[in-house]
Protein chains: 2
Amino acid sequence: MDAMLDTEGKETSATHGAYRRLREMILTGELPPGQKLKIEQLRGILDTGASPVREALSLLTSDMLVERIDQRGFRAAPVSKCNFEEILLLRCNLEETALRASITNADAPWEDRLVLRHHHMKKASQNGARDFEDAHKAFHMALLDNSKLPLLLRYCSQLYDLNIRYRYLAAGGSSYKKRDIAAEHQQILDAALNHDADSATRHLIDHYRRTGEYLSSQMEP
Amino acid sequence: MDAMLDTEGKETSATHGAYRRLREMILTGELPPGQKLKIEQLRGILDTGASPVREALSLLTSDMLVERIDQRGFRAAPVSKCNFEEILLLRCNLEETALRASITNADAPWEDRLVLRHHHMKKASQNGARDFEDAHKAFHMALLDNSKLPLLLRYCSQLYDLNIRYRYLAAGGSSYKKRDIAAEHQQILDAALNHDADSATRHLIDHYRRTGEYLSSQMEP
DNA sequence: GTCTCCAAAAATATCGATATTATTTGACAT
DNA sequence: ATGTCAAATAATATCGATATTTTTGGAGAC
């Protein structure tokens, strides 16, 4: 009768709530890479018991956002240029596979979804960066999700998150609108709607490489 | 002073022990796909508390061997022909990438490791299936690990495990020695030692496809 | 002045118990 | 008979406390 005093009745379980909050804090850099994550300390921040915190950290381990050292607790996953470049490489490879499969399966409902997500993303770009981030991910995942390959989608989603972490770390999350990113998205969308797999994947990969090179240049060796 | 009464002093933490044991039980089919995994019941089997069991199940969730339904507990991940085919597809894609990278970085220590693993695998094929499984995985991972791409290796390892689960389910783990698998391994090894990436990846993928088709034919739609 | 070793402190891992939530059972009405 | 609802049952999620392990800090020896 005490667990329902949350600000909202939105969160179903304490574990899930802690998971979402911690994930957010790690992605945005509020919990910096390599930082020791002490249960007691987090218990305070998240206002919940030790068990949900432990379980949330376990779940984040699978997302590769937290490292677990047996008998020695948890820490936020470290970052490195090497790691960043691997993420970029794998994204290019996996997203190309997924996008091609999506286009192979192309149908009207998918195209509708794409157009809608793209529209929402454009609208959200006028709001805060947080809203845009969500809409941006939704658009990119919509490009891929017609592949009907759940494992592949899961990997793409994971790698996407690992990548935005580097964006936040490099430039506070605002490094975005500096290039003409809207035009790049439009090109990808158009090619996808035309079922032109070669063009779509080329634009998508260019999109990633360009952001990747910018971020890479911002990092120490 | 009670945690050390195990048969051996090998296991460091109860969680890790439970993790390994549960993983084994799911991979081999002792816990069949879709089975409800009740904490109390597992607590009995694994002879430990509820917390380590919960945490082990959380970790297995990341390996995609266990599904978690919020507020409704855990169950062994379901299987399907679709899922199997996706695993095969991704393995071909990711392992090709990893093997090519490994060969690009080829050096003497790696080649030594390969030869050694291959030798151990041949020796283990005379022992039990369990020993062979371990040696077989070690050989395949050795092929890839010179890529120096930890994320990619992690995915390959995960997919490898998901795949051997299907082998156990289809044929009790012994469907193996029916084809001349030794010759296939030899071809892959030779090509890798010759730094012939095209040949090595071709043999590797053929190796997977052949096993895949056999297993696929054994399954209902 | 530096190193080693032991005691104190802190943090993790684990347990047992309780509160919450899902599931089943059975009685009642249709 | 059958469908619905409420009480009983079972299972999960969470808490608070304890045992184990790691880390810290300092005293004594070289």
Side-chain angles (χ1 to χ4, degrees), chain A residues 1-23 25-26 31-32 34-62 65-78, chain B residues 1-23 25-26 31-32 34-62 65-78:
Chain A
M1 73 173 74
D2 170 55
M4 262 304 159
L5 292 180
D6 304 9
T7 43
E8 307 153 322
K10 204 177 61 179
E11 288 306 354
T12 148
S13 68
T15 297
H16 198 236
Y19 170 76
R20 307 228 314 180
R21 182 91 184 81
L22 281 173
R23 175 195 181 82
M25 292 202 292
I26 293 171
L31 289 173
Q35 173 147 126
K36 185 111 219 304
L37 302 175
K38 301 184 200 171
I39 308 283
E40 270 309 304
Q41 168 198 333
L42 296 176
R43 226 191 63 90
I45 296 174
L46 301 169
D47 187 38
T48 185
S51 311
V53 172
R54 272 189 79 77
E55 205 158 322
L57 289 171
S58 274
L59 293 172
L60 287 164
T61 295
S62 16
L65 289 169
V66 165
E67 263 189 5
R68 173 190 190 143
I69 309 134
D70 207 72
Q71 226 83 16
R72 211 160 301 179
F74 301 87
R75 58 181 56 234
Chain B
M1 73 174 73
D2 170 57
M4 262 305 158
L5 293 179
D6 305 9
T7 43
E8 307 155 322
K10 202 175 62 178
E11 288 305 353
T12 146
S13 69
T15 297
H16 199 236
Y19 171 77
R20 307 229 316 180
R21 182 92 183 77
L22 281 173
R23 175 195 182 81
M25 290 202 292
I26 293 171
L31 290 173
Q35 172 146 128
K36 185 108 218 309
L37 302 174
K38 300 183 200 174
I39 308 283
E40 270 309 305
Q41 170 197 334
L42 296 176
R43 226 192 62 90
I45 297 173
L46 302 168
D47 187 39
T48 184
S51 311
V53 172
R54 273 189 78 77
E55 205 160 323
L57 289 170
S58 275
L59 293 173
L60 287 164
T61 295
S62 19
L65 289 170
V66 165
E67 262 189 7
R68 173 189 189 144
I69 309 136
D70 206 72
Q71 226 79 18
R72 212 161 301 176
F74 301 86
R75 60 181 54 237

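All values below come from the heavy atoms of this structure, side chains included, with hydrogens, waters and symmetry mates left out. In what follows, chains are A, B, ... by sequence order, proteins preceding strands, each numbered from 1.
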>> Under 4.0 Å, heavy atom to any atom of DNA chain D: which of residues 34-49 of chain A qualify?
In response: A:Thr48, A:Gly49
> Under 4.5 Å between any side-chain heavy atoms of B:Tyr19 and B:Glu55, yes or no?
Replying inline: no
> Which of residues 65-73 of chain B have a heavy atom under 4.0 Å from DNA chain C?
Replying inline: B:Gln71, B:Arg72
> Can you name the closest pair of heavy atoms from A:Pro32 and A:Ala76 and give their distance?
Replying inline: O-CB, 3.4 Å
> Any side-chain heavy atom of B:Arg23 within less than 4.5 Å of one from B:Leu65?
Replying inline: yes
>> How long is the straight-line distance from CG of B:Asp70 back to NE2 of A:His16, given to the nearest 0.5 Å?
In response: 6.0 Å
> OP1 or OP2 of D:dT14 sitting under 4.0 Å from any side-chain N/O of A:Thr15?
Replying inline: yes
> In this structure, which one of B:Ile69, B:Leu60, B:Leu57 forms a side chain to side chain contact (heavy atoms under 4.5 Å, CB included) with B:Phe74?
Replying inline: B:Leu57
>> Going by side chain to side chain donor-acceptor pair (under 3.5 Å), name the residues that satisfy it together with A:Arg75, two or more places apart in sequence or in a different chain.
In response: none
When the side chains of residues 35-53 of chain B are checked against the rest of the protein, which donor-acceptor pairs come out under 3.5 Å, sequence neighbours left out?
unit_1, atom_1, unit_2, atom_2, d
B:Arg43, NH1, B:Thr48, O, 3.4

Distances under 3.5 Å between protein N/O atoms and the N/O atoms of nucleotides 7-9 of chain C, please, pair by pair.
none

> Which of residues 50-62 of chain A sit near DNA chain C, with a heavy atom under 4.0 Å from it?
Replying inline: A:Arg54
> Side-chain contact, heavy-atom cut-off 4.5 Å: A:Thr15 with A:Leu59?
Replying inline: yes
